[in-house]
Amino acid sequence: MEKFLRIAGAILLLLAVTAWQTPSSLAGTWQGEQTFNRGTQPTTLASTWVFAVNGDHFTGLTVSTRDRREITGGSVDGNQIRFGARNPFVPASTPQLYTGTLDGGALTLTPVRPPTPPGAARGRGRGPFPPLVLHKVSEDTVYHLPPALAHPPLPPLRPLSPNGLALTPPMGWNSWNKFHGSVNDRDVRSTADLMVSTGMRDAGYVYVNIDDTWEGTRDAQGNIQPNSKFPDMKALADYVHSKDLKLGIYSSPGPRTCAGYEGSYLHEEQDARTYAAWGIDYLKYDWCSASLVYGPGEMAQAYEKMALALRATGRPIVFSLCQYGWLDVGSWGAEVGGNLWRTTGDISDRYASMAANGFSQNGRESAAGPDHWNDPDMLEIGNGGMTDTEYQTHLSLWAILAAPLLAGNDLSAMTPDIRDILTNREVIAVDQDKLGRQGFRVSKDGDLEIWKRPLAGGAVAVGLFNRGPAAASMSVRWSDLGIKNNPKIRDLWAHRNLQAPGSYSAQVSSHGVVLLRVK
Ligand code: GLA
């Protein structure tokens, strides 16, 4: 009995001490690392978390090489904590919720996956969010912001005139979706060869774009050097140009790129000159860690700074803004010199992700036009996670949206069916239509959506999309689309003309599309 009482007493004391200690022991600065598998090369993301505790509640801040978030609504219950982390660049979004457990010197945080609405496909498809283990680096209980990184004054915002480099949406290939961090000089050369031999180039795909992870360190003069995967960038550009193709590259306005490599922060003009000297034709400029330097009110200026630096080189370089659609980029992207700007988070090779990125674009059409395009992210066609039917939908939807077409597959493993999808010239002609008007949804009946895109010369592209799990019959009356009866109709996947004087009906397979050109 005495032994039992002693043990029970010890347990009670321990619980009391834990409950009493938890809030104040949370206060201070914590750090941790998380490794994500991005293709063949894992990427490690280090983050710092500062918590300021007041009774059972706390606030704080977290900063990583990727972003900076405010901690809101923190509550403590014993050794369990709960809070939200809000991105100041996304005012409308609800904060990412976390739960955490304090155990000795470690704080384990688990992001709470948002509940899946009934009937919807499961989340973003990257598996369960991994927990993050943090360790305390300072006992500092005073809440303080890590000092913002200094930056020289940004150029005052003034509308830039169009550069004329993207009168139709850019077409090409980009290394990220398939190669991630493993891309190297050999892959880019062989992709250039294959762009020619597979007919991709002649179908219009001319840019060969190296995404993140090419960057090395800076030399004594501050010039950016490629890392060992890219021994000679100028020679690579010469090779790509010798195939009548163009070479693209990637950087960030922040100190680090999203994969943690060297960004262009404090070196914008110098980097632009380096790219021009190498013979670069396209720059994707990815926000990533720029949130550590700039506030939401400075994003447009940070982009314009690089646009001006590129223009000052005298070399024509397409400028691609990558900031995930934050801060209504369509309303300022063109004026800061952007030829295209991302309007979504990263795509993945699954129907739910592709459909979320594509179908959500309805309503953005007024922002797009010749030389400045909405970009719902690069293509996943041929990467293996969708059916050929779904890949046809992917290309059709991007064509209706006047979206940039940047293939993201391994061309050395491309099947004839995938090549036929990517190089369907009738669908590409819709994407590249000279009028440059982005399409929009005209009707929605549950999973069945009809979209239209006005084309040059009075023609119209019409997409009958079935987002549902079973084949369905779909109909469209020409008068409802403002088209006169007895139009000329072409089915762009079947490659045949159709007769349908007043209306048209078709069986559309699950996740499939019927894409028509009607005049
Ligand atoms: C971000 C971009 C991607 C890709 C990666 C590279 O996630 O949105 O398209 O460029 O960075 O790190």
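Since we're looking at a predicted model, the values are computed, not measured. Just so you know, these numbers use all the heavy atoms, side chains as well, and skip hydrogens, waters and symmetry mates.
Residue Tyr324 forms a side chain to side chain donor-acceptor pair (under 3.5 Å) with just one option from Thr343, Thr344, Asp286, and that option is Asp286. No option in Phe230, Trp278, Tyr261 other than Trp278 meets the ring pair (Phe, Tyr, Trp, His ring centres under 6.0 Å) test with Trp214.
Side chain to side chain, Asn383 and Tyr391 fail the donor-acceptor criterion of an N or O pair below 3.5 Å. Trp493 and Ser396 share a side-chain donor-acceptor pair at under 3.5 Å. There is no side-chain donor-acceptor pair under 3.5 Å between Glu262 and His267. Between the side chains of Asn163 and Asn339, at least one donor-acceptor pair of N or O atoms lies under 3.5 Å. Side-chain polar atoms of Gln438 and Asn374 form a donor-acceptor pair below 3.5 angstrom.
Ring to ring, Phe89 and Trp287 are close: their centroids are under 6.0 angstrom apart.
Between Thr213 and His180, every side-chain heavy-atom pair lies at or beyond the 4.5 Å cut-off. Side-chain contact check for Leu165 versus Tyr282: every heavy-atom pair is 4.5 Å or farther apart. Side-chain contact between Met200 and Met414: present, with at least one pair of heavy atoms (C-beta onward) separated by less than 4.5 Å. Within the 4.5 Å cutoff, the side chain of Tyr98 has no heavy atoms near those of the Ile71 side chain.
In this structure, the side chain of Arg453 engages the main chain of Ala399 through a donor-acceptor pair within 3.5 Å.
Between Ser264 and Ser251 the shortest heavy-atom distance is OG-OG, 2.7 Å. Glu426 approaches Asn424 most closely through the heavy-atom pair N-OD1, 3.0 Å. Across Tyr303 and Phe319, no two heavy atoms sit closer than the pair O-CE2, 3.4 Å. Taking all atoms of both residues into account, the shortest heavy-atom contact from Ile421 to Asp388 is CD1-O, 3.7 Å.
Every pair passing side-chain hydrogen bond (donor to acceptor under 3.5 Å, both in side chains) that includes a residue from residues 306-319 is listed here, sequence neighbours excluded: Asp281-Arg315. Pairs of residues two or more places apart, or lying in two chains, that qualify as salt bridge (Lys or Arg N to Asp or Glu O under 4.0 Å) and include a residue from residues 364-384 are Arg342-Asp377.
With respect to the salt-bridge test (charged N to carboxylate O, under 4.0 angstrom), the residues Asp271 and Arg218 qualify.
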